[in-house]
Amino acid sequence: MHFHVITFGCQMNVGDSDWLTRSLVAMGYTPAPEHEADIFIVNTCSVREKPELKVYSVLGRLSEHARTRPDMFIAVGGCVAQQVGPKLWERFPRVRLVFGTDGLAAAPRAIQRLTAEPRLRISLLDFTETYPERDPAWPESTVPAQAFVTIMQGCDNFCAYCIVPYVRGRQKSRQSADVLAECRELAARGAKEITLLGQNVNSYGLDASGDGTSFAALLSQVAAIDGIKRLRFTTSHPKDLSPEVIAAFADLPALCPWLHLPLQAGSDAVLSRMGRKYDAAGYLRLVENLRKARPDISLSTDLIVGFPGETDEDFQKTLDMVARVGFESGYSFMYCDRPGVAAQRLEPKIPLDIKAERLSRLLALVDDLQAKALAARTGTRTEVLVEGPSRRPKPGAPSWRGRDPGGRVVDFEYPGLDDPTGTFVTVEVLEAKKHSLRGKAV
Ligand code: SAM
Ligand code: SF4
Ligand code: F3S
């Protein structure tokens with residue numbers, strides 16, 4: 001049977017979909033484009049309203065395939081599945097499986113049962129007490145040079161705007177021995193860069209599922225694995241970024257000079273109402289210490305505009321903080337109410353036109369900072385881990401795309417006829433584009 005996976009949401013969902021794909025392949029199923037598939041898996045995100053609505057439109061479109069493929073069915077996983085549950089199959093009868101993150105490990109077997117029992121429907125929505133370890137399901141083939149390894153699930157922070165703790169459950173750290181075993185296996189199969197994933201990696205090991213290994217200790221253990229040339233991690237909560245993790249940026253050469261450190265807002269009053277448990281001064285101290293440890297560190301962030309009660313002065317403080325920190329990139333969002341979160345009850349809500357106006361001013365500032373940071377790279381040399389062919393090739397010249405240690409996208413001309421994907425290439429930066437660099441291999 002042929003299956004097709006559609007993934008929304010964060011890197012953790014991408015990692016979950018990759019695992020599900022590998023497991024189904026190991027069980028004899030074949031990945032296929034949408035028009036050839038009988039089984040559809042939609043891995044969903046409910047962090048904002050837009051991705052949730054997108055899920056419903058995709059489920060509507062996929063349900064249409066039932067006209068030509070009578071046996072087709074849909075499995076819905078991830079955060080919308082957890083949030084909406086079996087109501088999904090009331091609205092879309094072709095949905096026959098709903099599973100949350102903790103149900104993922106059992107999803108391949110459930111899909112197998114559904115193919116054998118056409119009247120069956122399965123719901124896998126229970127949260128587990130400990131990290132649900134999965135069979136890694138490695139196929140024979142090699143792995144990409146950049147690999148992602150999940151080190152924890154869930155979140156205990158309950159930031160006032162955020163649905164994640166409700167749909168991903170309580171924080172559960174994975175055993176460090178299992179994390180290290182997966183990293184070693186990936187390195188042995190050709191991975192050169194590993195990104196450790198979790199909603200809040202800085203508090204790794206601090207929950208009941210932890211085995212006493214701190215996040216800083218885990219970082220040095222992963223960095224010590226033969227073949228791991230680059231190490232990254234995401235996402236970090238500023239309140240839990242420990243001095244030991246900051247020191248790791250100075251001590252571990254494999255740890256890339258890149259950190260995504262969500263600020264959310266620059267006003268202390270807004271940060272307090274968001275329940276973020278740090279203030280602007282505390283955030284600036286972290287930035288100072290990070291730059292002391294690693295002067296070339298590139299910082300990126302998440303920002304929310306229009307949180308309930310945000311005044312013009314509050315918003316101005318966000319702009320001031322963004323400029324002062326000098327983020328190299330940022331993801332900016334308009335606040336939107338999510339079902340059941342604390343901020344749903346906070347007033348006054350900010351009208352859409354004001355949110356949109358603030359968002360466009362913030363986007364312009366972030367773009368400007370990024371352009372300046374990229375322009376400062378021209379004339380330098382950098383090492384690029386090649387991801388594949390450039391998406392915007394220059395006519396006549398073979399060109400490739402990858403990332404430098406700071407996470408910047410670099411397109412470059414490469415004279416050789418061989419495919420450099422998965423290797424490190426030294427590149428001279430010749431030009432800065434709006435969101436990327438351009439150069440040539442030296
Ligand atoms: N765990 C990460 C953290 O603590 O920053 C990421 C959380 S979420 C998956 C990614 C981003 O979505 C958040 O950092 C926040 O900026 C944004 N976000 C979450 N809930 C939101 C909401 N209700 N409205 C707008 N943006 C939201
Ligand atoms: Fe959401 Fe806050 Fe947890 Fe991040 S730390 S996932 S923003 S509740
Ligand atoms: Fe979205 Fe769930 Fe990730 S809400 S951002 S897919 S944790």
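Whatever order the structure lists ligands and atoms in, that order sets their numbers, starting from 1.
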Task: Atom indices of ligand 3, in the order listed, that fall short of 4.0 Å to a heavy atom of Q199 - done: 3 (Fe), 7 (S)
Open item on the list: Testing the 3.5 Å rule here: is there a donor-acceptor pair between the side chains of T21 and D18?
Closed with: no
- [ ] Consider ligand 2: state whether an atom of it lies below 4.0 angstrom from any non-hydrogen atom of R168.
- [x] no
Open item on the list: Among all protein heavy atoms in this structure, tell me which lies nearest to atom 20 (N) of ligand 1, with the distance rounded to 0.1 Å.
Closed with: Y161 CD1, 3.3 Å
Open item on the list: Tell me the protein heavy atom at minimum distance from atom 8 (S) of ligand 2, and give that distance in Å.
Closed with: C159 N, 3.3 Å
Task: Check: T101/Q153 side-chain N/O donor and acceptor closer than 3.5 Å - done: no
Open item on the list: Which residue and atom name correspond to the protein heavy atom nearest atom 3 (C) of ligand 1, and how close is it?
Closed with: T235 CG2, 3.8 Å
TODO: Check whether the side chains of H2 and T30 place a donor and an acceptor atom closer than 3.5 Å, and report yes or no.
DONE: no
Task: Contact check, I304 vs ligand 1, heavy-atom distance below 4.0 Å - done: yes
Open item on the list: Can you see whether F307 has R273 sitting over its ring - NZ or CZ less than 6.0 Å from the centre and within 45° of the normal?
Closed with: no
TODO: Answer with yes or no whether G78 contacts ligand 3, where contact means a heavy atom under 4.0 Å from a ligand atom.
DONE: no
Task: Where ligand 2 meets C162 - atom numbers and elements under 4.0 angstrom, heavy-atom basis - done: 1 (Fe), 6 (S), 7 (S), 8 (S)
Open item on the list: I need the single residue from K239, K277, R276, Q171 that forms a side-chain hydrogen bond (donor to acceptor under 3.5 Å, both in side chains) with N157. Which is it?
Closed with: K239
Task: Top protein contact for atom 5 (O) of ligand 1, by heavy-atom distance - done: P262 CG, 3.1 Å
Open item on the list: Using a strict threshold of under 4.0 Å (side-chain N to carboxylate O), is an ion pair present between E288 and K292?
Closed with: yes
TODO: Return yes if a side-chain donor-acceptor contact under 3.5 Å exists between N200 and D240, otherwise no.
DONE: yes
- [ ] Measure V47 to ligand 3 on non-hydrogen atoms and call it side chain, backbone, both or neither using the 4.0 Å cut-off.
- [x] both
TODO: Look at ligand 1 and say whether R276 reaches it with a heavy atom at a distance under 4.0 Å.
DONE: yes
Open item on the list: Looking at ligand 1, is there an atom of it that comes within less than 4.0 Å of some heavy atom belonging to Q264?
Closed with: yes
- [ ] For V409 and H435, run side chain to side chain contact (heavy atoms under 4.5 Å, CB included): C-alpha distance rounded to whole Å, both residues' side-chain angles, the deciding distance at 0.1 Å, then the answer.
- [x] CA-CA 8 Å; V409 172; H435 299 293; over 6 Å; no
- [ ] Heavy-atom contacts with Y335 under 4.0 Å: which atoms of ligand 1 show up? List them by number with element.
- [x] 24 (N), 25 (C)
Open item on the list: Can you tell me if C336 contacts ligand 1 (heavy atom of the residue under 4.0 Å from the ligand)?
Closed with: yes
Task: Mode of M12 contact toward ligand 3 - side chain, backbone, both, neither (heavy atoms, under 4.0 Å) - done: neither
Open item on the list: Using a 4.0 Å cutoff against the non-hydrogen atoms of P165, which atoms of ligand 2 qualify?
Closed with: 8 (S)
Task: N-O pairing of R358 and D314 below 4.0 Å - done: no
Open item on the list: I want to know whether F233 and Y204 have ring centres closer than 6.0 Å.
Closed with: no
- [ ] Measure the distance from atom 17 (C) of ligand 1 to every protein heavy atom, then report the residue, atom name and distance (to 0.1 Å) of the closest one.
- [x] R48 NH1, 3.2 Å
Task: Shortest protein heavy-atom distance from atom 8 (S) of ligand 1, along with the residue and atom involved - done: V47 CG2, 3.8 Å
Task: NZ/NE/NH1/NH2 to OD/OE distance under 4.0 Å, R324 and D320 - done: no
Task: N13: numbered ligand 3 atoms lying under 4.0 Å from its heavy atoms - done: 6 (S)
- [ ] Using a strict 4.0 Å cut-off to heavy atoms of R276, name the atoms of ligand 2 that fall inside it.
- [x] 2 (Fe), 7 (S)
Open item on the list: Please list the nearest protein heavy atom to atom 5 (S) of ligand 2 with its residue and the distance rounded to 0.1 Å.
Closed with: N157 ND2, 3.3 Å
Open item on the list: Please tell me whether N13 and T7 have a donor and an acceptor in their side chains that are separated by less than 3.5 angstrom.
Closed with: no
Task: Residue F158 vicinity, atoms of ligand 2 by number, heavy atom under 4.0 Å - done: 8 (S)
Open item on the list: If the cut-off is 4.0 Å to any non-hydrogen atom of R338, which atoms of ligand 1 fall inside it?
Closed with: 23 (N)
- [ ] Could you list which atoms of ligand 2 come closer than 4.0 Å to a heavy atom of Q199?
- [x] 6 (S)
- [ ] List the closest protein heavy-atom neighbour of atom 10 (C) of ligand 1: residue, atom name, distance to the nearest 0.1 Å.
- [x] D302 OD2, 3.7 Å
Open item on the list: Can you tell me if, anywhere in C79, an N/O/S atom lies at a distance from atom 3 (Fe) of ligand 3 that is smaller than 2.8 Å?
Closed with: no
Open item on the list: Does only the side chain of Y161 get under 4.0 Å from ligand 2, or the backbone, or both, or neither? Count heavy atoms.
Closed with: side chain
Open item on the list: Are more than 12 heavy atoms, taken from residues, nucleotides or ligands other than K54, located less than 6.0 Å from that residue's NZ atom?
Closed with: no
Task: Atom indices of ligand 2, in the order listed, that fall short of 4.0 Å to a heavy atom of H237 - done: 5 (S)
TODO: Identify, by atom number and element, the atoms of ligand 3 in contact range of C10, meaning under 4.0 Å from any of its heavy atoms.
DONE: 3 (Fe), 5 (S), 6 (S), 7 (S)
Task: Minimum-distance protein heavy atom relative to atom 7 (C) of ligand 1 - done: Q199 OE1, 3.8 Å
Open item on the list: For the CZ atom on F158, are there more than 12 heavy atoms of other groups (residues, nucleotides or ligands in this structure) within a distance under 6.0 Å?
Closed with: yes
Open item on the list: Is a donor from one side chain sitting under 3.5 angstrom from an acceptor on the other, for Q264 and Y161?
Closed with: yes
Open item on the list: List ligand 3 atoms under 4.0 Å from C45, heavy atoms only on the residue side.
Closed with: 1 (Fe), 4 (S), 5 (S), 6 (S)
Open item on the list: With a heavy-atom distance limit of 4.0 Å, tell me whether N200 approaches ligand 2 through its side chain, its backbone, both, or neither.
Closed with: neither
Task: Interatomic distance, I6 atom CD1 to L62 atom CG [nearest 0.5 angstrom] - done: 4.5 Å
- [ ] Please write down residue, atom name and distance for the protein heavy atom closest to atom 25 (C) of ligand 1.
- [x] M334 O, 3.4 Å
Task: Atoms of ligand 3 close to R168 [distance to a heavy atom under 4.0 angstrom, numbered from 1] - done: 2 (Fe), 7 (S)
Task: Enumerated ligand 2 atoms positioned under 4.0 Å from heavy atoms of C155 - done: 3 (Fe), 5 (S), 6 (S), 8 (S)
Task: Heavy atoms of other groups near Q316 CD, more than 12 under 6.0 Å - done: yes
